[in-house]
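Just so you know, ligand 1 is whichever comes first in the structure, and atom 1 is the first atom listed for that ligand. Small disclaimer: the values here were computed from a predicted structure and weren't measured. All values below were derived from every heavy atom in this structure, side-chain atoms included, with hydrogens, water molecules and symmetry-related copies excluded.
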Amino acid sequence: QSTIQGSGKDPYPDWKSGDPVPYAALCTTFSKIEMTTKRLEILAHCSLFLRQVLRLTPEDLLPTVLLMINKLAADYAGIELGIGESLLMKAIGETTGRSLGVIKNDQNEIGDLGLVAAKSRSNQPTMFKPKPLTVRGVHEGLINIATIEGQGAQGRKIAGIKKLLSAADANLAGKGSKGVDITKDKGGPSEAKYIVRTLEGKLRLGLADKTVLVALAQAMVIHEITQKGNKVPSTEQLGKGESVLKSVYSEIPSYEVIIPIMLKHGIFNLRENCKLQPGIPLKPMLAKPTKSITEVLDRFEGKDFTCEYKYDGERAQIHFVAHNSPQEYATTVPSAGKNERGISNIFSRNSEDLSKKYPDILAKLPTWVKEGTQSFVLDCETVAWDVVEKKVLPFQQLMTRKRKDVKVEDVKVKVCVFAFDILFLNGEALVNKPFRERRELLHASFIPVEGEFAFATYSNINELEQIQTLLDESIAASCEGLMVKMLDGPSSSYEPSRRSQNWLKVKKDYLSGVGDSLDLVVLGAYYGKGKRTSWYGAFLLACYNPSTETFETVCNIGTGFSEAILETLHSELAEHVIDRPKPFYSHSTVPKDQPDVWFEPREVWEVKSADLTLSPRYRAAADDVLTSGEGTGKGVSLRFPRFIRRRDDKKPEEATSSRMVAEMYRKQESVSKNKGPAVDDEF
Ligand code: ATP
């Protein structure tokens, strides 16, 4: 295998074994990926390139994979891109000697800053040939830019971007190449374009993270097998490699940890050498929505299940290793808290480090950990607690807590930890054990302390009336409803990062049409009327389509906001105003449908709705099969949406997916036609 594409001329003859991977080579692969929508072709391009990296420069495998998934590090490291448009425009202008006005004009015309950067660079006379960019150099440069803080941060970030851009080639195919127009989307390979898109946080190649994972597994298997002198791996070997990497990644979602171990021990020995470890957060297991207790009973018919209160707070994964434990604590997160018993962290649903938000929990931890409990990973919900009445407080109270740098002595809203699962205990991963056993271990390893630590209330009941009573009791106790979980057998294991059939949620106020609330991204706003003229009166919201990396609009919303929140939103959103919609926003182009202002995608809001309908004004799931026939050209939209709360714990890419919206619509339609739920909702 001497060329990237497996045949023909080697496009990078200068890339010799041991050389840093040329960034141009990666960009050429990006361009090939961008030109196709076929998943198998995308996978093949990706896997071929990774094989080339493995063969020539395996030490660059990590930065290559990270740039492919457009991440600089694992989520828990908190190093993020998503540089604002104004900063990027300044940097492009300064690098290419063009005024900000000209860049803005180009942006208005072309609408994609990546293409604007490519155009600006290509029109620039080059005095001398800059040193070519390398994958490791670009990765390092991006990390520097993302981690700059403090005084003069803006200027230093611009300097960092300029450094990368001034070494970036505008048109890798060469000027005048047939079929190449780098000012057009999918117009050809360009380093400048991909650098800017990476900085913006959206590569828009149609390359899903999952595809990169499968490509990496394939590349590793083929590399290992061919190194041993065999020609091609069998289908079983490819399948095994993929399943090993998938399961390891779901427990340790960090290529920084996995790739060095995989390179050292090989993919087939990865499982034994790379295990769940306190200090590295797992992606949490998620639940499927249901509309009624009868639906739960239908789904779990004949199986043993359990019903737990669904607490309304914030998800918290608590990691701990005692000082005297033989278990190591992965010291990947700088703010791991130490106390007299050991070292610990709290992570959010998003793998964000919450230790500085909840120092009070970490300080009290030794009081509820039993003596023999030396290391653990707990899955919990933190809930605001009324110390006088000794009961759970509504979610809104928890939201009033500061998010960062909280001092224990300043804490006004007390929280109680409600533990509902244990994933690791005393050196052993428990994720594959049945839930009944995990729950027993949980109860045996901790001591409840009133108002500080408790086990989630549960009952192993299976009659409709009993479940209804428990649901009512949970609501009376300020909970959101019930979580219903499988108790025994392999299907009751903990499934990291999966929205599983084996966890069902039943909320009190599910309406017959739309089962669950939606988490949507704010893309734009309309100025208010009457009393609301000084703020925004309504907002344009969107769901997320991960396969096209676009935000698809789904509704306008103007209900459910207090005046105080409208005021806050107006001042906070002002920072994210942009001149025109991003190229990765999908919305009606009719002038009267346009909002007064557009925003960078930053805020996620939880929204409830009466039902779903089809509308030409919105684009949600518009490319889905459901919009054929009468729905052609229409997107799904929410009717009578109501704002519930801001979701600081979700990134825009974690918003409700277009597929989920389509699924909700289909389900509602089939219910309204009295056919019962038509499809299983594996989102
Ligand atoms: P999504 O909308 O993606 O499903 P979410 O964060 O909005 O996720 P819900 O769907 O409302 O959450 O329900 C799952 C959440 O409920 C969990 O993430 C957890 O934070 C919370 N929760 C409260 N009590 C429990 C419990 N007993 N078992 C599991 N999760 C619980």
Quiz item: How about Tyr536 and Phe599: are their ring centres within less than 6.0 Å of each other?
Solution: yes
Practice problem: Looking only at protein heavy atoms, identify the closest one to atom 9 (P) of ligand 1 and say how far it is in Å. | Solution: Lys505 NZ, 3.3 Å
Quiz prompt | Heavy-atom nearest neighbour in the protein, as seen from atom 31 (C) of ligand 1, with distance rounded to 0.1 Å | solution = Phe420 CE2, 3.6 Å
Practice problem: Please confirm whether Arg499 comes under 4.0 Å of ligand 1, counting heavy atoms of the residue only. | Solution: yes
Quiz item: What atoms of ligand 1 come within less than 4.0 Å of a heavy atom belonging to Glu308?
Solution: 26 (C), 27 (N), 28 (N)
Quiz prompt | Greater than 12 external heavy atoms within 6.0 Å of Gln396's CD | solution = yes
Quiz prompt | Electrostatic pair Glu480-Lys310, nearest N-O below 4.0 angstrom | solution = yes
Quiz item: With a 4.5 Å heavy-atom cut-off, do Ser445 and Lys370 have their side chains touching?
Solution: no
Quiz item: When you look for heavy atoms under 4.0 Å from ligand 1, do you find them on the side chain of Lys485, its backbone, both, or neither?
Solution: side chain
Quiz item: Is Lys412 atom NZ crowded by more than 12 heavy atoms from other residues, nucleotides or ligands, each under 6.0 Å away?
Solution: no
Quiz item: Relative to the heavy atoms of Lys310, which atoms of ligand 1 are at a distance of less than 4.0 Å?
Solution: 9 (P), 11 (O), 13 (O), 14 (C), 15 (C), 16 (O), 23 (C), 24 (N)
Exercise. Give the contacting part of Asp649 toward ligand 1: side chain, backbone, both or neither, where contact means a heavy-atom distance below 4.0 Å.
Key: neither
Exercise. Give a yes/no verdict on whether any heavy atom in Phe418 is under 4.0 Å from an atom of ligand 1.
Key: no
Quiz prompt | Intermediate values then yes/no, ring-ring contact (aromatic ring centres under 6.0 Å, His included), Tyr249 and Tyr255 | solution = CA-CA 8 Å; Tyr249 190 81; Tyr255 284 119; 4.7 Å; yes
Quiz item: Looking at atom 20 (O) of ligand 1, what's its closest protein heavy atom, distance included?
Solution: Glu381 OE1, 2.4 Å
Quiz item: Counting from 1, what ligand 1 atoms have a heavy atom of Arg315 closer than 4.0 Å?
Solution: 17 (C), 18 (O), 19 (C), 20 (O)
Quiz item: Within less than 4.0 angstrom of ligand 1, does Tyr309 place any heavy atom?
Solution: yes
Practice problem: Taking the six-membered ring for Trp and the full ring for Phe, Tyr or His, determine whether the centres of Phe446 and Phe453 are under 6.0 Å apart. | Solution: yes
Quiz item: Near Lys650, which atoms of ligand 1 are under 4.0 Å from a heavy atom of that residue?
Solution: 1 (P), 2 (O), 3 (O)
Quiz item: What protein heavy atom sits nearest atom 24 (N) of ligand 1, and how far away is it?
Solution: Tyr311 N, 3.0 Å
Quiz item: In ligand 1, which numbered atoms sit nearer than 4.0 Å to a non-hydrogen atom of Lys507?
Solution: 11 (O)
Quiz item: Does Asp75 come within less than 4.0 Å of Lys651, counting only side-chain N to carboxylate O?
Solution: yes
Quiz item: Under 30°, 30 to 60°, or over 60°: which ring-plane class applies to Phe561 and Phe539, parallel, tilted or perpendicular?
Solution: tilted
Practice problem: Compute both the distance and the angle, then confirm whether Arg438 meets the cation-pi test with Tyr494: under 6.0 Å from the six-membered ring centre, within 45 degrees of the axis. | Solution: no
Quiz prompt | Structural part of Glu314 in contact with ligand 1, heavy atom criterion under 4.0 angstrom | solution = neither
Exercise. Give the numbers and elements of all ligand 1 atoms closer than 4.0 Å to a heavy atom of Arg349.
Key: 1 (P), 3 (O), 5 (P), 6 (O), 8 (O)
Self-check item: Atoms of ligand 1 close to Arg647 [distance to a heavy atom under 4.0 angstrom, numbered from 1]
Solution: 5 (P), 6 (O), 7 (O)
Quiz item: When His319 is tested against each of Phe347, Phe424, Phe376 for ring pair (Phe, Tyr, Trp, His ring centres under 6.0 Å), which residue passes?
Solution: Phe347
